[in-house]
Amino acid sequence: FNMVKEKEIPLKIEVFSKNEDSEFLIHSKKEIQNILQTILERGTRAALYYNEGNSFVLTMLLDAGEEGIWIDPPSNPLDNRNILNSNRIIFVSTHNQAKVQFVSNGAKQGIHDGGNAIFISLPQKLLRLQRRDYYRLAAWPQNPLKCVIKPLQDQRHIKHEVTIMDISIGGIALVCQETALELT
């Protein structure tokens with residue numbers, strides 16, 4: 001059984017010229033909440049950029065709700081203080097293999113589930129950067145989808161079965177050993 005590993009997307013800030021990002025912006029409060037909730041449920045890493053985007057910490061969401069998100073504070077007290085004193089924080093993470101980011105005008109120190117946490121208000125808009133023509137849905141590695149490829153006429157006895165990594169309206173990504181079969 002092979003585990004299919006999702007390609008890791010770098011948690012770097014995406015920079016656009018004026019109005020260039022509009023096709024990727026999400027304004028729906030409910031959709032923004034759903035994206036952040038999925039990031040929480042999947043335990044997806046996030047980066048918090050501060051100091052004009054020159055410094056960052058890696059973190060995880062502790063909770064996501066209607067008002068905002070609770071984030072695990074950095075272990076370094078100086079990073080924590082700088083984030084709380086920053087009036088421009090950029091949150092970067094991934095959702096279904098697409099980069100997401102939003103800008104916040106500040107964070108607050110608080111207590112969540114009995115521990116220290118950082119609270120950031122729900123953003124008015126969120127950038128979800130899907131650079132492909134079609135939305136791609138990743139298959140679950142725990143219960144993989146299989147693709148059965150029809151054999152050549154003279155090799156009917158051979159059954160080619162490969163794992164589907166992701167699927168979209170534009171096609172599929174398959175995972176197989178390099179020597180397993182020749183696709184033409």
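The basis for the numbers below is simple: all heavy atoms, side chains too, and nothing from hydrogens, waters or symmetry mates. Start at 1 with the first residue, then count along the sequence.
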Donor-acceptor check, side chain of [X] to backbone of [Y], threshold 3.5 angstrom: yes or no?
X	Y	value
Arg128	His95	yes
Ser28	Glu31	yes
Thr59	Asp72	yes

Mind checking whether [X] and [Y] sit in one hydrophobic cluster, side chains of I, L, V, M, F, W, Y counted as touching below 4.5 Å?
X	Y	answer
Ile35	Ile71	yes
Phe91	Ile26	yes
Phe102	Phe119	no
Ile90	Ile39	no
Leu61	Tyr50	yes

Can you check whether [X] reaches [Y] side chain to side chain, under 4.5 Å on heavy atoms?
X	Y	result
Glu66	Leu122	no
Ile32	Pro123	yes
Asp113	Asp63	no
Thr163	Lys146	yes
Ile83	Pro74	yes
Leu127	Val100	no

Give me the atom names and distance for the closest heavy-atom approach of [X] to [Y].
X	Y	result
Asn51	Ser86	N-OG, 4.1 Å
Pro73	Ala117	CD-CA, 3.8 Å
Phe56	Ala47	CD1-CB, 4.3 Å

Assess whether atom CD of Gln109 is packed by more than 12 heavy atoms of other residues, nucleotides or ligands within 6.0 Å.
yes
Within a radius of less than 6.0 Å around CD of Glu41, do more than 12 heavy atoms belonging to other residues, nucleotides or ligands occur?
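Count over threshold, so yes.
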What verdict does the side-chain contact (heavy atoms from CB on, under 4.5 Å) test give for Ile120 and Leu48, after you've listed the backbone C-alpha separation in whole Å, the side-chain angles of each residue and the deciding distance to 0.1 Å?
CA-CA 11 Å; Ile120 297 177; Leu48 276 188; 3.9 Å; yes
I'd like to know whether Arg42 forms a side-chain contact (heavy atoms from CB on, under 4.5 Å) with Asn96, so could you lay out the CA-CA distance, the side-chain angles of the two residues, the decisive distance to 0.1 Å, and finally the verdict.
CA-CA 10 Å; Arg42 293 188 180 165; Asn96 292 339; 2.5 Å; yes
Quick check for you: to the nearest 0.5 Å, what is the distance between [X] atom [atom1] and [Y] atom [atom2]?
X	Y	atom1	atom2	answer
Glu67	Ser121	CD	OG	8.0 Å
Asn82	Ser55	CG	OG	7.0 Å
Lys125	Phe24	NZ	CZ	14.5 Å

Going through the checks in order, is the side-chain contact (heavy atoms from CB on, under 4.5 Å) test met by Ile118 and Asn80?
CA-CA 9 Å; Ile118 292 175; Asn80 196 45; 3.3 Å; yes
